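Below is one structure, written out as structure tokens, with a few remarks after it.
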Amino acid sequence: MSTKAYEQTLRVLCVKDRDDPLTELVAKTIIKIAQKGLKDPAQISAQAITELELR
């Protein structure tokens with residue numbers, strides 16, 4: 001579930017290089033959101049993108 005959200009988020013953010021420091025930030029954000037109980041990968045991804053855009 002979180003893997004799908006992670007992959008989707010990277011696609012939306014156009015991150016292709018897995019060594020990009022942004023990938024770690026995306027992963028941490030997705031884990032934090034999933035721990036709050038959200039289950040749907042699309043919703044997790046959308047929430048992660050919203051949070052990341054605020055930084």
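Positions are given from 1, in the same order as the sequence printed here. Here the structure is a predicted model, which is why all the values come from computation and not from measurement.
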Would you call V15 and V26 a side-chain contact if the rule is heavy atoms closer than 4.5 Å? no

Side chains of K32 and E51, heavy atoms from C-beta outward: is any pair under 4.5 Å? yes

Answer yes or no: is there a side-chain heavy-atom contact under 4.5 Å between T23 and Y6? yes

If you round to the nearest 0.5 Å, how far is CG of D40 from OG of S45? 9.5 Å

Measure across P41 and A5 and return the closest heavy-atom pair with its distance rounded to 0.1 Å. O-CB, 3.5 Å

Distance-minimising heavy-atom pair for A48 and I30: CB-CG1, 3.9 Å

How far does CG of L52 sit from CG of L22, to the nearest 0.5 angstrom? 6.5 Å

If you round to the nearest 0.5 Å, how far is CG of L13 from CD1 of I49? 5.0 Å

dist I33:CD1 -> T50:OG1 (nearest 0.5 Å) comes out at 8.0 Å

Please answer whether the main-chain N or O of L25 pairs with a side-chain N or O of T29 as donor and acceptor at a distance below 3.5 Å. yes

Rounded to the nearest 0.5 Å, what's the gap from NZ on K4 to CD1 on I44? Could you check? 11.0 Å

According to the salt bridge (charged side-chain N to carboxylate O under 4.0 Å, His left out) rule, which pairs have a member within residues 7-17, sequence neighbours left out? E7-R18

